Undergrad: 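Here you go, one structure.
No hydrogens, no waters, no symmetry mates; every other heavy atom, side chains included, goes into these values. Chain naming here is simple, since letters A, B, ... match the order of the sequence lines and numbering starts at 1 in each. Owing to the predicted nature of the structure, the values given are computational and were not obtained by experimental measurement.
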Number of protein chains: 2
Amino acid sequence: MNMETIAENQKVRTAKKLEKMFGHIDYKHPPELCPVRDVMSVASDQWSTLIILWLGYFPVLRFNKLKKFVYGISNKVLSQRLKVLEADGYISRKAYAEVPIRVEYRLTDFGQTYVEKLLELTEWMQSNSPKVLANREKFGLL
Amino acid sequence: MNMETIAENQKVRTAKKLEKMFGHIDYKHPPELCPVRDVMSVASDQWSTLIILWLGYFPVLRFNKLKKFVYGISNKVLSQRLKVLEADGYISRKAYAEVPIRVEYRLTDFGQTYVEKLLELTEWMQSNSPKVLANREKFGLL
DNA sequence: CCGCATCCTCTCGGATACTG
DNA sequence: CAGTATCCGAGAGGATGCGG
């Protein structure tokens, strides 16, 4: 069995899985709310992924620390994302009634399983980014 | 070795990988352009992922077919995304000089490797969406 | 220290109509 | 059929200041 056949088989397997996921949907009368789209829109959000990755790196982080690592994010967006991520069960929030107040964020067990999946994708991005950037340049499109 | 230790080891491995990726960045003087952020912003875009997944399902799709499957997307956004995905090397575009014109989109080999990664994440989303939705409901937040 | 409230900008994206 | 052009509205998100 040569390389082409292996790749071809992989292609078929992928298509089969996708058929299982999407094959049933009637695109003439699409579902109002698609759970996958819904969940993805939170979990795969640009800022959310960065937050989750950093919490996978450091077991516990406070608001301002997080803001430094996820550089470029604003107060507003950070707290929004944190709230949603907490609601969806990826992270936990623990506030200590001190003055000044101290708040700790960490991944839940569920969030931990997610960060592992997410990391795989990020590693792919990392190792393939040169190729993508090269493609982009060659293509021109400015 | 019990379950907790296994999970704990996994956690440590994940953190180590993330340290390798992010450990070097000086968050006081963050890089202007982060390649990973850049590449992710294209590839992990909500619409782009759907386009890529459908092209992983059907080897070749034309513009309007794609628009039906990726329901809810507008003309403008679809053609924008297609152009960028082509520039980044995920998909190929082939136009036939017929009347009316016919255009075929398909994954490149590179795009094929990406859709496989992406599929893993999507499967995770799919199987965990009930849990997330339940979390969300319990949490309130309306 | 955490993060909400306010304001204000500005980009993204939807709808529609039109052309090669 | 496969887009492009144009217009327009909504809402995301940045900056800042305040309050608990």
Undergrad: List in chain and number order the residues that pass side-chain contact (heavy atoms from CB on, under 4.5 Å) with A:Ser129, two or more places apart in sequence or in another chain; answer none if no residue qualifies.
TA: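 With sequence neighbours excluded, A:Ser129 shows a side-chain contact (heavy atoms from CB on, under 4.5 Å) to B:Pro35, B:Val39, given in chain and number order.
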Undergrad: Using side-chain contact (heavy atoms from CB on, under 4.5 Å) as the criterion, list what pairs up with A:Glu19, not counting sequence neighbours.
TA: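 With neighbours one apart ignored, the set is B:Tyr57.
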Undergrad: Write down the distance between NZ (B:Lys68) and P (D:dG3), rounded to a whole number of angstrom.
TA: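 Distance check: B:Lys68 NZ to D:dG3 P gives 15 Å.
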Undergrad: Can you give me the first and the last nucleotide of DNA chain C (5' to 3') that has an atom within less than 4.0 angstrom of a non-hydrogen atom in chain A?
TA: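 So the contact region on DNA chain C extends C:dC1 to C:dC7.
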Undergrad: Starting at atom CD1 of B:Ile73, determine the distance to atom C1' of D:dA2, rounded to an integer number of angstrom.
TA: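 Computing the B:Ile73:CD1 to D:dA2:C1' distance gives 14 Å.
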Undergrad: Report the residues that fulfil salt bridge (Lys or Arg N to Asp or Glu O under 4.0 Å) with A:Lys117, sequence neighbours left out, ordered by chain and then residue number.
TA: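 Partners of A:Lys117 under the salt bridge (Lys or Arg N to Asp or Glu O under 4.0 Å) test: A:Glu120, B:Glu120.
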Undergrad: How long is the span from the OG1 atom in A:Thr14 to the CD atom in A:Gln10, to the nearest 0.5 Å?
TA: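 Output value for this atom pair is 4.5 Å.
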Undergrad: Would you check, one step at a time, whether the test side-chain contact (heavy atoms from CB on, under 4.5 Å) holds for B:Leu82 with B:Glu86?
TA: CA-CA 6 Å; B:Leu82 287 172; B:Glu86 190 193 359; over 6 Å; no
Undergrad: Which of residues 89-108 of chain A have a heavy atom under 4.0 Å from DNA chain C?
TA: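 Only A:Arg93, A:Pro100, A:Ile101, A:Val103, A:Tyr105 qualify.
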Undergrad: When rounded to the nearest 0.5 angstrom, what distance separates OG1 in A:Thr49 from CG in A:Leu118?
TA: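 So the gap between those two atoms works out to 6.0 Å.
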Undergrad: What heavy-atom pair brings B:Asp88 and A:Asn135 nearest, and what distance separates the two atoms?
TA: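 B:Asp88 and A:Asn135 have their closest heavy atoms at O-ND2, 3.1 Å.
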Undergrad: Taking only nitrogen or oxygen atoms into account, show me every contact under 3.5 Å that the protein makes with nucleotides 4-8 of chain D, one pair per line with its distance.
TA:
residue: D:dT4; atom: OP1; partner: B:Lys83; partner atom: NZ; Å: 3.4

Undergrad: Show me the donor-acceptor pairs within less than 3.5 Å that the side chains of residues 67-74 of chain B make with the rest of the protein, sequence neighbours left out.
TA:
residue: B:Lys67; atom: NZ; partner: B:Asn75; partner atom: OD1; Å: 3.2
residue: B:Ser74; atom: OG; partner: B:Val77; partner atom: N; Å: 3.3

Undergrad: What pairs with B:Glu8 under side-chain contact (heavy atoms from CB on, under 4.5 Å), at least two apart in sequence or on another chain?
TA: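 Here the qualifying residues are B:Lys11.
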Undergrad: For B:Ser48, enumerate each residue passing the side-chain contact (heavy atoms from CB on, under 4.5 Å) test, keeping only those at least two apart in sequence or located in another chain.
TA: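 Partners of B:Ser48 by the side-chain contact (heavy atoms from CB on, under 4.5 Å) criterion, ordered by chain and then number, come out as B:Asp45, B:Arg81, B:Leu85.
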Undergrad: Under the 3.5 angstrom rule, does the side chain of B:Ser44 hit a backbone N or O of B:Ser41 as a donor-acceptor pair?
TA: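 Here the side-chain-to-backbone pair does not exist.
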Undergrad: Could you identify which residues of residues 36-58 of chain B place a heavy atom less than 4.0 Å from some atom of DNA chain D, listed by residue number, or say none?
TA: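 Contacting residues: none.
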Undergrad: Roughly how far apart are A:Gln126 CD and B:Lys20 NZ, rounded to 0.5 Å?
TA: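 Reported value, rounded in 0.5 Å steps: 10.0 Å.
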Undergrad: Drop me the distance from A:Trp47's CH2 to A:Gln80's CD, to the nearest 0.5 angstrom.
TA: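 With rounding to 0.5 Å, CH2 (A:Trp47) is 12.5 Å from CD (A:Gln80).
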Undergrad: The helix from C:dC1-D:dG20 to C:dG20-D:dC1: angle between its terminal axes, five pairs each, to 10°?
TA: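 Comparing the first five pairs with the last five, the axes sit 50° apart.
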Undergrad: Are B:Ile25 and A:Leu119 connected in the hydrophobic side-chain network, where two residues link if heavy atoms are under 4.5 Å apart?
TA: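 Yes, one cluster joins them.
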Undergrad: Pair up each side-chain donor or acceptor in residues 101-112 of chain B with any protein partner under 3.5 Å, not counting sequence neighbours, and list the distances.
TA:
residue: B:Arg102; atom: NE; partner: B:Glu98; partner atom: OE1; Å: 3.3
residue: B:Arg102; atom: NH1; partner: B:Glu104; partner atom: OE2; Å: 2.9
residue: B:Arg102; atom: NH2; partner: B:Glu98; partner atom: OE2; Å: 2.8
residue: B:Glu104; atom: OE1; partner: B:Tyr96; partner atom: OH; Å: 3.2
residue: B:Glu104; atom: OE1; partner: B:Arg106; partner atom: NH2; Å: 2.6
residue: B:Tyr105; atom: OH; partner: B:Arg93; partner atom: NE; Å: 3.4
residue: B:Thr108; atom: OG1; partner: B:Gly89; partner atom: O; Å: 2.6
residue: B:Thr108; atom: OG1; partner: B:Tyr90; partner atom: O; Å: 3.0
residue: B:Thr108; atom: OG1; partner: B:Phe110; partner atom: N; Å: 3.4
residue: B:Thr108; atom: OG1; partner: B:Gly111; partner atom: N; Å: 2.9
residue: B:Gln112; atom: NE2; partner: B:Glu116; partner atom: OE2; Å: 3.1

